[in-house]
Amino acid sequence: MQSINDLEIYREAMSLGEEVWTLVLAWGYLAKDTLGKQLIRSADSIAANISEGYGRYHFKENQKFCFYSRGSLLETQTWIEKAVHRNLIEKEKGRVLYAQLEQRKRRLNSYTGSIGQKSEPHDS
């Protein structure tokens, strides 16, 4: 079995969670307590669901958790949009984050589609 850290999509999701955490730390109490907590939870959930699925022994379970991860990714995009509209994240930074999430969504879809194929040693 390979390490979860060998998955680039997982490492990217972990990095996004840290970037979101750093952004939210600079916000005031009300913004952190409301939108900030939701944004952090959804961003962290992307990597958490990838790893939970990776730890499952059946490829269909792994795929199911990748679908959860994709849902968290879309939720994160929503919270980023709200943060931009509420002037918590600069428009350009929000645009960059949103675009990165779009790219990661495509990569996550590709990874999810590859799960269970014979070439993948983890799920054999």
Side-chain angles (χ1 to χ4, degrees):
M1 180 186 293
Q2 297 175 332
S3 166
I4 185 71
N5 288 302
D6 292 334
L7 286 178
E8 189 172 345
I9 190 70
Y10 171 77
R11 291 191 315 270
E12 289 174 350
M14 289 292 288
S15 177
L16 173 73
E18 298 311 308
E19 185 173 359
V20 165
W21 176 268
T22 301
L23 279 172
V24 172
L25 279 180
W27 298 357
Y29 173 77
L30 178 61
K32 280 182 191 176
D33 192 47
T34 54
L35 197 150
K37 285 181 179 179
Q38 295 282 9
L39 176 55
I40 289 169
R41 285 181 182 133
S42 66
D44 284 349
S45 187
I46 299 168
N49 280 304
I50 292 170
S51 65
E52 186 166 357
Y54 189 83
R56 301 293 174 131
Y57 289 105
H58 194 270
F59 75 90
K60 289 189 182 213
E61 286 185 278
N62 191 350
Q63 287 175 327
K64 178 175 73 172
F65 279 92
C66 285
F67 295 141
Y68 296 154
S69 182
R70 185 174 60 198
S72 294
L73 189 150
L74 290 164
E75 180 184 359
T76 301
Q77 286 180 312
T78 297
W79 291 120
I80 287 170
E81 282 187 65
K82 286 189 168 287
V84 168
H85 290 298
R86 295 175 186 177
N87 297 314
L88 297 167
I89 297 176
E90 293 177 10
K91 282 185 181 182
E92 181 58 23
K93 179 65 176 176
R95 188 191 66 71
V96 168
L97 285 170
Y98 197 94
Q100 287 174 348
L101 284 163
E102 277 298 307
Q103 180 185 36
R104 289 179 181 150
K105 181 172 58 176
R106 287 189 295 276
R107 293 170 54 98
L108 181 58
N109 286 339
S110 293
Y111 170 65
T112 303
S114 76
I115 295 171
Q117 295 179 0
K118 292 185 186 281
S119 64
E120 187 177 345
H122 173 67
D123 290 317
S124 319

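Source: prediction; values computed, not measured. As a basis for the values below, the full set of heavy atoms in this structure was taken, side chains included, without hydrogen atoms, waters or symmetry mates.
Between atom OG of residue Ser15 and atom CD of residue Gln100 there is a gap of 8.0 Å, rounded to the nearest 0.5 Å. With values rounded to the nearest 0.5 angstrom, Trp27 atom CH2 is found 5.0 Å from Leu39 atom CG. The structure places CD of Glu92 at 4.0 Å from CZ of Arg95, a figure rounded to the nearest 0.5 Å. Interatomic distance, Ile115 CD1 to His58 NE2, rounded to the nearest 0.5 Å: 12.0 Å. Note that CG of Asn62 and CD of Glu52 are 10.5 Å apart. Values are rounded to the nearest 0.5 Å. Taking CG from Leu73 and CG from Asn49, the interatomic distance works out to 11.0 Å, rounded to the nearest 0.5 Å.
Heavy-atom minimum distance, Cys66 versus Tyr111: SG-CE2, 3.5 Å. Leu35 and Arg86 make their closest contact through CD1-NH1, 3.5 Å (heavy atoms, listed as atom of the first residue, atom of the second, distance). In terms of heavy-atom proximity, Val20 sits nearest to Ala43 at CG2-CB, 3.9 Å. Minimum interatomic distance between Val84 and Glu90 (heavy atoms only, all atoms of both residues): CG2-O, 4.2 Å. What you find for Ser69 and Ile50 is that their closest heavy atoms are OG-CG1, 3.5 Å.
A side-chain donor-acceptor contact under 3.5 Å links Thr76 to the backbone of Ser72. Asp33 contributes no side-chain N or O that, together with a main-chain N or O of Tyr29, makes up a donor-acceptor pair within less than 3.5 Å. Judged by distance alone, the side chain of Lys32 and the main-chain N or O of Leu25 form a donor-acceptor pair under 3.5 Å. Between the side chain of Ser45 and the backbone N or O of Ser42 there is no donor-acceptor pair closer than 3.5 Å.
Under the 4.5 Å side-chain contact rule for hydrophobic residues, Tyr98 and Trp79 do not share a cluster. Clustering ILVMFWY residues whenever any of their side-chain heavy atoms sit less than 4.5 angstrom apart, transitively, puts Ile40 in the very cluster that holds Leu16. Hydrophobic clustering keeps Leu7 apart from Tyr68 (ILVMFWY residues linked when any side-chain heavy atoms are closer than 4.5 Å, directly or through intermediates). Under a hydrophobic clustering in which Ile, Leu, Val, Met, Phe, Trp and Tyr are joined whenever their side-chain heavy atoms come within less than 4.5 Å, directly or via other members, Leu101 and Val24 fall into the same cluster. The same ILVMFWY cluster, assembled from side-chain heavy atoms under 4.5 Å apart, contains both Tyr54 and Phe59.
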task = Step by step, work out the side-chain contact (heavy atoms from CB on, under 4.5 Å) result for Gln38 and Glu75.
result = CA-CA 9 Å; Gln38 295 282 9; Glu75 180 184 359; 4.1 Å; yes
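Put simply, the side chain of Arg107 reaches to within 4.5 Å of the side chain of Glu8, judged on heavy atoms. Residues Lys105 and Leu108 fail the side-chain proximity criterion, which asks for heavy atoms closer than 4.5 Å.
Between the side chains of Gln77 and Glu102, at least one donor N or O lies within less than 3.5 Å of an accepting N or O.
Pairs engaging residues 16-25 under the side-chain hydrogen bond (donor to acceptor under 3.5 Å, both in side chains) rule: Glu19-Lys93 [sequence neighbours left out].
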